[in-house]
Structure formats: C-alpha cells, structure tokens
Trainee: 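I am attaching a structure below and will ask some questions about it afterwards.
Scope of the values below: all heavy atoms of this structure, side chains included, with no hydrogens, waters or symmetry mates. Each chain gets a letter, A, B and so on, in the order its sequence line appears, and its residues count up from 1.
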Amino acid sequence: MDRYNFKIIEKKWQSYWEKKKIFKASIDKKKQKFYCLEMFPYPSGKIHMGHVRNYTIGDVLARYKSMQNYNVLHPMGWDSFGMPAENAAKQNKLDPKTWTEKNIETMKTQLKQLGLSIDWDREISTCSEDYYKHQQSFFLDLFDKGLVYRKENYVNWDPVDETVLANEQVIDGKGWRSGAVVERKKLNQWFFNITKFSSDLLDGLNQLDKWPNKVKVMQKNWIGKSFGCEIDFKIKSKLPVKEIKCFTTRPDTLFGFSFLALSVDHPISEYFKNDDKFVKFKNECAKTGTTEESIANAEKIGFKTDIKAVNPLDETKEVPVYFANFVLMDYGFGAVFGCPAHDQRDLDFARKYKLKILPVVCPPEKSKNFEIDKEAYTGPGIIFNSQFLNGLKVPDESIIKTIDILETKKLGKRKINFRLKDWGVSRQRYWGCPIPIAYNKNGDVVKIPKENLPVKLPENIKLDVKGNPLEHQKDWREVIINGEKCIRETDTLDTFVDSSWYFLRFCSSNNKNNGFDLNEIKYWMPVDQYIGGVEHAILHLLYSRFFMRALGHDTKDFIKLEPFEGLFTQGMVCHETYKDSNNNWLSPDEVETKDGKNFFKKNNPSEKIKIGPSESMSKSKKNTIDPQNIINSYGADAVRFFILSDSPPEKDVQWSEQGMISSFKFIQKFWSLHKMILDLKINKNINQPEKIEIFTNQMIDKITRNLENFHYNVIIANLYEIYNYFSKNINNVNNKDNLLKNYEKILKVISPVIPHLSNECLDDLNAQDRDKWPVVDKQFLIKEKFDIVIQINGKKRDLMSFTNEINEKELLIEIKNNERLKKFLESKEIKKSVYIKNKLINLII
RNA sequence: GCCCUCGUGGUGAAAUUGGUAGACACAAAGGACUUAAAAUCCUUGCCGCUUGCGGAGUGCCAGUUCGAGUCUGGCCGAGGGCACCA
C-alpha cells in the first residue's frame, strides 16, 4: 500500500487554493459575513510554535464558517515597525527595511506551508508607505478633533543610549541594553487623549459578551474608575496659595484627617525649589526604582513643610502638610488627605512620623473604645468621633451624605476619577511611522499638509549613532511648509498605533486614497472573532477600542465602535527545559534519552542533563522547537492536528515529540483506512439497520458543537473515534454506496482541521459540494438502544439495555427479574424511585 | 495587599440542563505476533479478596438534593493580572 506522501499532496492543494484564489473575499450582501482575524505577527525572522497554534485555531474557524456558507474574511499582515529591526540592522549591517522584508518573505512562505485559508491579496505591512501614509493622515484628523496634543511628561531616560525606554525595558531601574541607571526626564511628547473616552471604554465592556471575562476585568481595573469627591483644603502659610485640592473616595473619614501629603511634583513644590533640603528629598524620591515592585515596597518617606491644612468640617483643627514619595502627580490632583486609621498607606506614614491616629469608623460589634493597631480598618461599620456625621452607616450612606454636606457648604463636589492615563505615542526611534508634524522657527506646531503625505522615512541612514538617528538627518529634517522654513518632528509613533487600526485596513487594503473604505467597513466590521495571546489583553485591545472611538468621534455615519465582537485568547506552547552540568541551557536537539527517564547530552552519555520545568517556549531558555523542521518531517496536517490535540486552546499546551509522532501516524493510518474503504468489495448491496447513519450524524453534531465552543482538542478525540469506528466496522458493512455517502460527510467535517488530507480523500470520492458543511439529519440523533443506569440509594448497581423506550412500570418489573440486582433488593422494600426516562432510575430502599 | 481563574488517574485531558466519572490520547507494565528487534494489536489502570465481586474516589470540610466533578458556604493549594490610584 502506498504511503501518504504529504510533501506532494500538501503542495498540490496549497497551489490549487492559491491559483484558484479560493480564499479571496469580496462583499456579497446575499451572504452573512464572518470576519475572522488572528493577531498579526511581528516579522522577527521565522515563525514559531505560538504562531502555528494561533493561526491553526483561526484557520479551523475560518474554514468551518466558510463551509457554513458565511462570507469569510480571513486576512494576514505584518506588524513590521519596531525596535528589533533597528537592533538587528545595527548588528548585521543591513538596513531595517531590507531585514524586515526578507523576514516577511520567509514567514509568508512558512505560513503558506501550513495551509492557511488566507486571502493573501489583502496582505498589509505596517512599515510600507502604503500603510503608514494613512496612519499619518489619521494622526492629523485626530489632531483636528483635539484628540492629539503635546505636553511635557516624565519618561524613562537611558543616559547612555540617549533614548526613551518603555516601562517594560526598564529592569530593576536599569536600561535593558545599556545597564545604565534610568533617569526620570521631562520631555515634550505627543499624546492621544484616550482618557476622553474613559467612561465609554469602561461601559463598552458590558456589551462584549463574547470576550473572556478575565480580559474584561483586566481592562476594567486598568481604566480604574473610582467614585468620590474633590475637596478644597484651606491652607495656612506664607505662600500666595490659599487652597489645595484633593481627590478622595472616603470623604466620610474626614474627621480622622491627620496630615496632607503632596507629590514632589505638585505645583506648590515650585516654592521649595531653592530649599536645599527639599531638593535633596526630591532627588531621594527619584532614586527609588521605577519598577512597580520596588515602588510598592519602598519605604514611605516625607518632607515636612511649615504649611498647615485646615479640616473643612471642623475649622478648629489643623494638620501638617508633607511632601511624600507615595503621592503620584498624575492621579487625582497630586495631593492626598491622610486618614491613617482607615488607610494602610496613611497609617504606615503616620506611624513613621508619629502623627495622630483617630478612628472614625467603628466596626460592627466593637465598642467606642475601638483603637487602631497595626492594620488600618477599611471595612464597614458606623461613623463615630465625627460630630454631626456620627451614626452614619459605612460605606454607602456615609460617603453619599458627607459629599452632600460638602457640596451644600461649597467645600467640595462629587467626582469620578479614572486611573487610565493618556497614551504617550512619541518614540525616539528610527524604525517607526514618522509623526506628520514640523515646527516653525518660533517653535509652533505646523501640520504637514495631507497632500504632502506620506512623510517618508529616509533610507540608507546611519543607525550607529547615539539617540534617535532621525535627529542626525539634517537634510530630512529641514522642510518648507507654506513657504515657511520648518524642522520636522523626529519622534516616530509607538508601534501600538500601527496595530490599532490594521483590522480596518484589511477591509479595503488596496485602496490607495483612503485608509479605509467606509462601505467595505460597514459590511465587514466588526471582527467577528479575534484570536491572539492574552498578553495583549490591555494595551493593544484597549488602544484599538480607543481608535475606533477616536476615528468615529464627531463623525456622523460611522460604524459600531467596538472593533472586536468576539475575542479568544489562546494559551502558550510549552516545552521542558534542559541544563547541562555547567548550568547552560540546552536545546531539545542537544539532548537525548534512552529510557525516557534519564537524559544525556547527545553523543555524550556520560553527561547527565538536568530537566527543568516545562515553560513557554523562548529563545533565551532554548526550549524551542522550530516549526519548519516539524513541517518538513511530518507535514502541515500532522502539525495542525497535534497543536490542537492535547489541551483546550485557551490553556497552555505541552509540546511532546511522542504526541507529534502519533499525530503523524494518525494521518498515515487514516490514509490507509481511506484506501481500504475505496478498495472495499461488497457483493450484497443490502441496506442494513442505519447504524452508520447514526454514527455519522451524531459525529457531525458533536463536531459542530465542539467547533462552536472552541473545544478543538475534543475534535481531535472525535477524529480518533471516527478512525476507530470505521476501522472496526468496515467489514460489517454490506452497502458500499451507503458507506461512502456517510464517509464523505465525515471527510467534510474533519476538513477544517486537516484540510490537505481530507480534500485529497474527497477528491478520490469525486465528492460534490465539498465546501458545504453537512447538515445533521435529526432522525439519526436517536439512540439505537437505551442503556439505563440502575441506581440503588444513589449508587450505580447495574446497566440494563433496551431496544425500545420503556416506562417506569415495565422497568421495575425488569429490575425485579434481574439476577444481578437480587442481592441488593431481596427482602427490601422500595420506598421511592426516581426515573429519568430512558436514562436512569434511582431506587431508594 | 487587592482582583480574576483553576484544582479530575503516572501525564495531557473528556463529561449539554445536576443523572454511567475518567471519552480520546501520551507514558508505563504484562501479553500476542516475530529467531530477535522495530512496527502493530490486546489487556491492565486506586484499595481489598477467590475468573468475578465489593469498596473508596473529581484538593479538603460541611450543606442543598433521590442523586453533586457540576450548585451554595468555609478552608487549603496553584497560576495569572494589578500594585503606594488617595
């Protein structure tokens, strides 16, 4: 028997799909559309297993939906701006463009080898002028709408590389490349006004019922809405300032007020800039690391001023004002009213500086002598020690009533505050989308006129310079706009901007004049199913949601504002890690085993290998498996089959060589089975009881449900069941036409997972409508026999089979005659029975 | 510290609405075929005894129910997110 030659057959189908443009999408208003999108890759060199998993999941869905007669849009592109290209260029003396384009070429070939059902005519690359000129145009639109602005802000500044670092690039307070201690530096930067939509972005989450709850919770926390009030505290000092504004969620604890703390960047700090001690303190604060953990664990320190703040509810009470390291300038008003009894942070600070700690919330079942020890009390209770607030119920009543009082007395007003900050989009880098802005000699912002777009990145430039290479391009920087000599902005846009609208571009990616064609968008958007890693739960997904709102802002005739109707976050691909005796990481190809327990360095059985835990594949731990090798040895169908097989797609999956091999064997076995079915010689063509219809229709039903619910690992189990069923029953069949009719349906329902093999098999059968999903014939969803569980006192005691439906009375008679049940029922009275028809009976004795 | 998710054999995992726990695989052990190996196929799977039978059993403890992996409360454990957010 001939073996299944995946190399020839997979190639054959891939070129068939490509030549016939099978996956080309276009508007067809008679059909319901389905936009299936996987997060597009960064072209880093070659594809990795994570891509294989991500795109296999998406492809199964796209193929299934297309067979369900949806008009499917399934595009692919490249998130091709970003630092790795710049770094690689420096190392390899290639310019970023060449490096990137070469990678795209490689990865595109690899993705095609996976047999993905992608409309390649819509391919986009964010680093191409065709793409970024529209992005520049959107930037100007947003500028006109007032959603883009420029302000000075603190950044992580690497003094050695002379560049700004993202938070993720600061490790233990040091630059990830240079190792230099990162400084906080104020720079003029461009911002997108995402906070304008804080409330809307939060509310929008409620509609996203096809999103994982986890992601919605993460976004909700990130937006961080809190309800409270702003209070103007009168201050007594020699300064010309009379009031300090604070935001608080707990105005009801105002009588426990014992200090007021300011950020070192608070406007009032201006009056202290000549105070050596204050400057020293401020520097001290700047030193505490920039990582979240070091901030959280940092000791609370303060700088006492001679300012006093007055308690607005009791003007006889005055408290000291401090500058403190824990107060953030960019939340609230950069000033905090401290109530140590009911806030742990305030309590730590108060203990350190020996400030008064007066409890004003009495927990239930505590007496009025309640005192605070090491922990602040933040729970519910009754207000006390608070004059006219006494007796209010904490938290709801007390907070609302206090705000009412403050508002009537004009001492404050209710306010909703968000944690979300505006999105800083300036990056001091070369390989990104140039910001279409210049500055005239007065330093005023001048827009590059739209007809002059794109602002192209200069090519062949020197990258091996300190700071942003664009700053060194004098001839590029100088530009004349409306006859005025200007200097271009040299910052480029954060690459997250590129990915915030690429899903719109896919709808009309060849439109030269506009970033998107509204008609196309109205048909295709929103993305029905978006699939990608959970690591983008916040930034990318939130920015994309913002971008839809920003583009639609003040615009009539726009579309739904949520870009992604359904979201699926797939798990990672993991592999064991290996270390040699010198603690160096080893890749799986450098390791071998004979008994499956002990591992040795290849060709060196004396060197034992330490096996580490299975972790997500990463180059640094060398625990990667190159998909190219796997595709070469086992073929695309086998890889697709394996990558879906072991774990549910939302969970991490363990790479296993054994599993891969047995997936490969499955493909081979299935092919042999297929040949056997074709060659089957049956003389008598009698119609048998409809057993095979029952199996087939139940299987179609199962697989359909599993597809709908992303239970792709169970579909693989279904595939094994199919194989087992056919190989066991093939010789009991006595009507070949009927066998083939059902087998053909089966081949169709497995084609989303293993499209090459099933298309080849369908071809052998000369199958019609192979791109149509078989309809379940409900008459065959009946059971061929009824297995009824007999429980006695809730315990399973027997299983009785009946060919026909049976009622309780008849069943009880059968039970009485059942030898195996006699010992349980003898001399016992059945007090009660619960019968679930044709399924189960529970006898209580 | 706060928030979210998840705990099922040696392993990865299945299990519509509460209704046969462990589908389907991986690994292991035993067996069949073979001169032998590989491949393939079959059996086993926790505890007890006599082919068979009985018992326990879905992290632990309680509760609801005729019946709980599934629902409720408490505890323990693991993973993830946020982290001085006033």
Trainee: Heavy atoms only, 4.0 Å cut-off, all strands: where does Ser226(A) land among base, sugar-phosphate and nothing?
Mentor: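 Sugar-phosphate, backbone atoms only, no base.
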Trainee: For Lys413(A), which residues count as a salt bridge (charged side-chain N to carboxylate O under 4.0 Å, His left out) partner, sequence neighbours excluded?
Mentor: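 In terms of salt bridge (charged side-chain N to carboxylate O under 4.0 Å, His left out), with neighbours along the sequence ignored, Lys413(A) is linked to no residue.
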Trainee: For Lys214(A) and rC82(B), what is the distance between atoms NZ and P respectively, to the nearest whole Å?
Mentor: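 In whole Å, rC82(B) P and Lys214(A) NZ are 12 Å from each other.
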Trainee: Just call it for Ser645(A): base, sugar-phosphate, or nothing, with non-hydrogen atoms closer than 4.0 Å on any strand.
Mentor: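 Touches nothing.
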Trainee: Counting only side-chain N and O atoms of Lys839(A), is one of them less than 4.0 Å from OP1 or OP2 of rG19(B)?
Mentor: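 For rG19(B), OP1/OP2 do not have a side-chain N/O of Lys839(A) under 4.0 Å.
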Trainee: Nearest-Å distance, CD1 (Ile301(A)) to C1' (rC84(B))?
Mentor: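 Computing the Ile301(A):CD1 to rC84(B):C1' distance gives 13 Å.
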Trainee: When we call it a touch if two heavy atoms are under 4.0 Å apart, what does Asp330(A) touch: a base, just sugar-phosphate, or nothing?
Mentor: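 The residue Asp330(A) makes no contact with any strand.
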Trainee: So, under a plain 3.5 Å distance rule, would you say the side chain of Arg250(A) forms a donor-acceptor pair with the base of rA86(B)?
Mentor: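 No, the side chain and the base share no sub-3.5 Å donor-acceptor pair.
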Trainee: Classify the nucleic acid contact of Ser656(A) as base, sugar-phosphate or nothing, counting any heavy atom under 4.0 Å across all strands shown.
Mentor: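 Nothing, no heavy atom under 4.0 Å.
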Trainee: Within the structure shown, what part of the strands sits under 4.0 Å from Tyr723(A) by heavy-atom distance: base, sugar-phosphate, or nothing?
Mentor: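 Counting heavy atoms under 4.0 Å across all strands, no contact is made by Tyr723(A).
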Trainee: Could you work out, with side-chain hydrogen bond (donor to acceptor under 3.5 Å, both in side chains) as the rule, every residue matching Asp265(A), not counting sequence neighbours?
Mentor: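 For Asp265(A) the side-chain hydrogen bond (donor to acceptor under 3.5 Å, both in side chains) partners, ignoring immediate neighbours, are Tyr154(A).
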Trainee: Considering every strand and a 4.0 Å limit on heavy-atom distances, what is the contact class for Val653(A): base, sugar-phosphate, or nothing?
Mentor: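 Answer is nothing: Val653(A) stays at 4.0 Å or more from every strand.
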Trainee: Answer yes when Lys352(A) and Asp348(A) have at least one side-chain N-carboxylate O distance shorter than 4.0 Å, and no when they do not.
Mentor: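 Result for this pair is no, no salt bridge flagged.
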Trainee: Please report the distance, rounded to the nearest Å, between CZ in Phe349(A) and P in rC84(B).
Mentor: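 In whole Å, rC84(B) P lies 16 Å from Phe349(A) CZ.
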Trainee: Can you find a side chain N or O atom of His711(A) that sits less than 4.0 Å from OP1 or OP2 on rA13(B)?
Mentor: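 So the side-chain polar atoms of His711(A) never come under 4.0 Å of the phosphate oxygens OP1 or OP2 of rA13(B).
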Trainee: rG9(B): syn or anti, with syn meaning chi within 90° of zero?
Mentor: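 Here rG9(B) takes the syn form, which means its glycosidic angle is within 90° of 0.
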Trainee: At under 4.0 Å, does any side-chain N or O of Lys651(A) touch on OP1 or OP2 of rA13(B)?
Mentor: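 Lys651(A) to rA13(B) OP1/OP2: side-chain N or O found under 4.0 Å.
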Trainee: With sugar-phosphate meaning primed atoms plus P, OP1 and OP2, does Lys831(A) contact a base, only sugar-phosphate, or nothing at under 4.0 Å between heavy atoms?
Mentor: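 Nothing, no nucleic acid heavy atom in range.
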Trainee: Below 4.0 angstrom from OP1 or OP2 of rA25(B), is there any side-chain N or O of Tyr720(A)?
Mentor: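 No, no such contact exists.
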Trainee: Paired with rC84(B): which nucleotide, if any, by Watson-Crick or G-U wobble criteria at under 3.5 Å for both distances?
Mentor: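 rC84(B) is unpaired by these criteria.
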Trainee: State whether Asn724(A) places a side-chain N or O below 4.0 Å from either non-bridging phosphate oxygen (OP1 or OP2) of rA25(B).
Mentor: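 It does, given that an N or O in the side chain of Asn724(A) lies less than 4.0 Å from OP1 or OP2 of rA25(B).
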Trainee: Please state how far atom CZ in Arg419(A) lies from atom P in rC85(B), giving the value in whole angstrom units.
Mentor: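 So the CZ-P distance, Arg419(A) to rC85(B), works out to 10 Å.
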Trainee: If I pick the P atom on rC3(B) and the same atom on rG73(B), what distance separates them, to the nearest angstrom?
Mentor: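 The same atom, P, in both gives a distance of 15 Å.
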Trainee: Establish, for the pair Lys669(A) and Tyr723(A), whether the NZ or CZ atom is under 6.0 angstrom from the six-membered ring centre and no further than 45 degrees off its axis.
Mentor: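 Pair Lys669(A)/Tyr723(A) counts as cation-pi.
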Trainee: Can you tell me if the side-chain N/O atoms of Ser662(A) get under 4.0 Å from OP1 or OP2 in rA25(B)?
Mentor: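 No, outside the criterion.
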Trainee: Please state the C1' separation for the pair rC61(B) and rC76(B) - nearest whole angstrom.
Mentor: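 Between the two C1' atoms, the distance is 10 Å.
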Trainee: If you count the non-hydrogen atoms of other residues, nucleotides and ligands that lie under 6.0 Å from NZ in Lys210(A), is the total more than 12?
Mentor: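 Atom NZ in Lys210(A) is not crowded, with 12 or fewer foreign heavy atoms closer than 6.0 Å.
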Trainee: Rounded to the nearest angstrom, tell me the gap between atom NZ in Lys795(A) and atom C1' in rG67(B).
Mentor: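 The answer, rounded to whole Å, is 12 Å.
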Trainee: Base of rC84(B), side chain of Lys300(A) - is there a donor-acceptor contact under 3.5 Å?
Mentor: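 Such a pair exists between side chain and base.
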Trainee: Nearest whole Å is fine: how far is rC82(B) C1' from Ile223(A) CD1?
Mentor: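 My rounded result for the distance is 14 Å.
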Trainee: With both distances under 3.5 angstrom, what nucleotide forms a Watson-Crick or G-U wobble pair with rG7(B)?
Mentor: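 By the stated definition (distances under 3.5 Å), rC76(B) pairs with rG7(B).
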Trainee: For rC53(B) and Arg797(A) - does any side-chain N or O of the residue sit under 4.0 Å from the phosphate oxygens OP1/OP2?
Mentor: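 So the side chain of Arg797(A) is outside the cut-off, no N or O lying under 4.0 Å from OP1 or OP2 of rC53(B).
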Trainee: Could you state the atom-to-atom distance from OH of Tyr331(A) to P of rC82(B) in whole Å?
Mentor: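 It is 17 Å, rounded to the nearest whole Å.
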Trainee: Could you check whether Phe259(A) and Tyr353(A) have their ring centres less than 6.0 Å apart?
Mentor: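 No: the rings miss the under 6.0 Å criterion.
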Trainee: Can you see if the side chain of Arg345(A) gets near the phosphate of rC85(B) - specifically, an N or O under 4.0 Å from OP1 or OP2?
Mentor: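 Looking at the OP1 and OP2 atoms of rC85(B), one of them is under 4.0 Å from a side-chain N or O of Arg345(A).
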Trainee: Select base, sugar-phosphate, or nothing to describe what Ile844(A) touches, counting heavy atoms under 4.0 Å on all strands.
Mentor: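 It contacts sugar-phosphate atoms only.
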Trainee: How close or far is atom C1' of rA38(B) from atom CD of Gln658(A), stated in whole angstroms?
Mentor: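 Whole-Å distance recorded here is 14 Å.
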Trainee: Can you find a side chain N or O atom of Asn713(A) that sits less than 4.0 Å from OP1 or OP2 on rA14(B)?
Mentor: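 So the side-chain polar atoms of Asn713(A) do come within 4.0 Å of the phosphate oxygens OP1 or OP2 of rA14(B), strictly under.
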Trainee: With a non-hydrogen cut-off below 4.0 angstrom, is Gln791(A) in contact with a base, only sugar-phosphate, or nothing?
Mentor: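 The answer is base, as Gln791(A) lies within the cut-off (heavy atoms under 4.0 Å) of a base atom.
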Trainee: Looking only at side chains, do Asn417(A) and Ser226(A) share a donor and an acceptor under 3.5 Å apart?
Mentor: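 Asn417(A) vs Ser226(A): no donor-acceptor pair found between side chains.
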